[in-house]
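What you see below is based on every heavy atom in this structure, not just the backbone, and it leaves out hydrogens, waters and symmetry mates. Residue numbers start from 1 in every chain, and the chains themselves are labelled A, B, ... in the order their sequence lines are given, proteins ahead of strands.
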Amino acid sequence: MTASQTHSPAIVLPTSDAKFGDYQANGIMAAAKRAKTNPRELAGNVLAALDLTDLAEKVEIAGPGFINVTLSDRFLADHLSRAADDDRLDVAVAADPQNVVVDYSGPNLAKEMHVGHLRSTIIGDAIANVLEFLGNRVFRQNHVGDWGTQFGMLIAYMDRQVDCGQDATAELADLEVFYRQAKQLFDSDADFARSARENVVKLQGGDESCLRRWRQFLDQSMSHCEGIYHRLGVSLQRSDMRGESAYNDDLPAVVADLKAAGLLTESDGAQCVFLPEFTGHNDSPLPLIVQKTDGGYLYATTDLAAIRYRVRHLKADRIIYTTDAGQALHFKQVFAVARKAGFVGNATSLEHVPFGVMLDAEGRRFRTRQGGTVKLMELLDEAERRAADVVAEKNPDLPDQTKRRIAHAVGIGAVKYADLSMDRISDYKFSWDKMLALQGNTAPYMQYAYARVRSIFRKGAEDAGQLLGEPISLADPAERELAKLIARLEETLATVAAECRPNFLTAYLFALATAFSNFYETCPVLNAPPPLRASRLRLCDLTACVIKKGLELLGIEVVEKM
RNA sequence: GCGCCCGUAGCUCAAUUGGAUAGAGCAGUGGCCUUCUAAGCCGCAGGUUACAGGUUCGAGCCCUGUCGGGCGUACCA
């Protein structure tokens, strides 16, 4: 009532301190100011108009005008019962689902994937998963680099291989070597360089034999990416790949549209869009170049074409770009031009979701000792190797196959979790020791918490399904704290989706796992007397389900034992 | 030069966008395994949130300035 009168949001959040109850409403003070009334008085009026008897045990006014709410155990227990009986864990499907495009990963198919692709791939996938789970229609778009001059060179090198009687397909298996050798030849052999350049012209001209070899190369390269995605537990499929070349035919139309809209200016022979809000050196106008002097197009043009496609054909309500922060200006320009040109209306939101760079322990850019880029495949090998060492040390008696499975889940999970648990925008220091640490906000800690729950069920030979009707008791503070956190999944996911901030989910899961550990220490489960035993088993099962679901949305596996 | 981002405990990072006494992990220090996985749990100690002003009931968060770092700034992506 008050909120609607003053247009002030209620701002209900978990309390900053347990002594204030479970949730606090922070909006009263601001509302009172706007309405020029006393905040505590206003809080009193709100309370009088509010009926929280269904969910609250206690509601009180505190401090300058906070409203503190203590949930009733009954309300919490009811919620938990619903969650336990629901594979969505009582998280509602969006009432107004959106068509959301998430543009992420986007490797260059001319080369092997390297660590530079890791953050976009992991963060974008987590965001896509969460949005999808909340009921939105998600279009994962892998805007791969599958076009450009380097492909002329690669095709020329394929030809050279075949001429030498070698099987080009086998050679392609190591994309990095293939690229390096092609580049070397391009730089040293004038004949080769000429045929490479001719190939570019042929490709653009639609030469069928050239296109066939180009597709053959792409097929190999895409298989390599799929291998990485599969190993990483990333949901991207080949059908999500819609590379730059997919927009080739649209590029002239994009430029024509810009011209028709009166936005196009020729400058130094290039076709540009100048918008007054963008300036460069010495306040000189800064163009968005959409066509080079030689007639070629740039990634701004492709991005504009992609926006057009996503709005027209995918009916996007929201388009999310997960790229490094260095591209902020590019996207600002592209978004502004897309709106001016009418490619996208006000109903569609365009969001650049930036992230910082990966640094090594010394705070330098993450590179190999020789200064080259680190191959993603090799990074993942090392992750699993290091995880395997830890598993072997902690749990030498497990069967080898189990150890391997744990090493995979823990190693890959550690790399992903470390990335996802940081605030995206800051650069982050990559540290094997920290991400594989068994304490703190890490994947192994989460996975361990899960394995401990599962162990209880194994030991008790219990089936969670049999517990459905059993009442949940929250008498112990550790039980209640755990229940409260379990009930917080939905609001957490909503925030992650709204802000594109996976680290809110990891922080939530860490709090949940910590609460569980506490519960685990203080509340015996299997040895508890009958009604309590079932109640605690239900809390255990719910904890496991939430951890599993949360990690699954982050693309991280759980294991039954570790 | 201009623009964007960042600066929080010795170290690595949080802080749900303006809420109450700034939180974790590591490192330091003291406890807890005859009972469900100790890869765990519970204490203690550690802070002028780079600095200086400002806005207001309230600022790590907003505004102005300064210092320090990163990135970007016309035909790469």
Can you find a side chain N or O atom of A:S16 that sits less than 4.0 Å from OP1 or OP2 on B:rA20? yes

Take atom P in B:rU55 and the same atom in B:rG60, then report the distance between them in whole Å. 16 Å

Which value, in whole Å, describes the distance between the P atoms of nucleotides B:rA59 and B:rU49? 12 Å

Assess whether one donor atom and one acceptor atom, taken from the side chain of A:E499 and the base of B:rU17, lie less than 3.5 Å apart. yes

Look at the side-chain N and O atoms of A:N518 and state whether any lies under 4.0 Å from the OP1 or OP2 oxygen of B:rC42. yes

Looking for any heavy atom pair under 4.0 Å, which part of the strands does A:D268 touch: base, sugar-phosphate only, or nothing? base

Contact class for A:F504 vs. all strands (heavy atom < 4.0 Å): base, sugar-phosphate, or nothing? sugar-phosphate

With RNA chain B as reference, determine whether A:D283 or A:Y445 sits nearer its 5' end, using the nearest nucleotide of each. A:D283

Quick check: any donor-acceptor pair below 3.5 Å linking the side-chain of A:S267 to the base of B:rA74? yes

When you get a sec, tell me which of B:rC13, B:rC75, B:rC36 is the closest nucleotide to the side chain of A:M422? B:rC13

Does a distance-only test, which skips hydrogens and angles, find a donor-acceptor pair under 3.5 Å between the side chain of A:N503 and the base of B:rA15? no

How is A:S517 classified with respect to the nucleic acid when contacts are heavy atoms under 4.0 Å: base, sugar-phosphate, or nothing? sugar-phosphate

Quick one: is B:rC13 close enough that its OP1 or OP2 comes under 4.0 Å of any side-chain N or O from A:K434? no

For nucleotides B:rA22 and B:rG46, find the distance between their C1' atoms and express it as a whole number of Å. 14 Å

Interatomic distance where CD belongs to A:Q333 and P belongs to B:rU73 [whole Å]: 10 Å

Need one value for A:T495: base, sugar-phosphate or nothing, where a base atom within 4.0 Å counts as base even if backbone is also close, heavy atoms only. sugar-phosphate

On RNA chain B, compare the nucleotides closest to A:V390 and A:F20; which residue's is nearer the 5' end? A:F20

Say we look at B:rG65 and B:rC13: how far apart would their P atoms be, to the nearest angstrom? 29 Å

Whole-angstrom distance between B:rG23 and B:rG68, as gauged at atom C1': 26 Å

Hey, does A:M113 have a side-chain heavy atom less than 4.5 Å from the side chain of A:C225? yes

Look at the side chain of A:Y448 against the base of B:rA39 and say whether a donor-acceptor pair falls under 3.5 Å; ignore hydrogens and angles. no

Which whole number of Å gives the distance between the C1' atom of B:rG3 and that of B:rC41? 50 Å

For the side chain of A:R365, counting heavy atoms from C-beta on, which of B:rC26, B:rA14, B:rC71 is nearest? B:rC71

Determine the contact category for A:Y428: base if any of its heavy atoms lies under 4.0 Å from a base atom, sugar-phosphate if only primed atoms, P, OP1 or OP2 are that close, otherwise nothing. sugar-phosphate

What nucleotide among B:rA38, B:rA39, B:rU73 has an atom nearest to a side-chain atom of A:M562? B:rA39

Between A:T514 and B:rG40, is there a side-chain N or O to OP1/OP2 distance below 4.0 Å? no

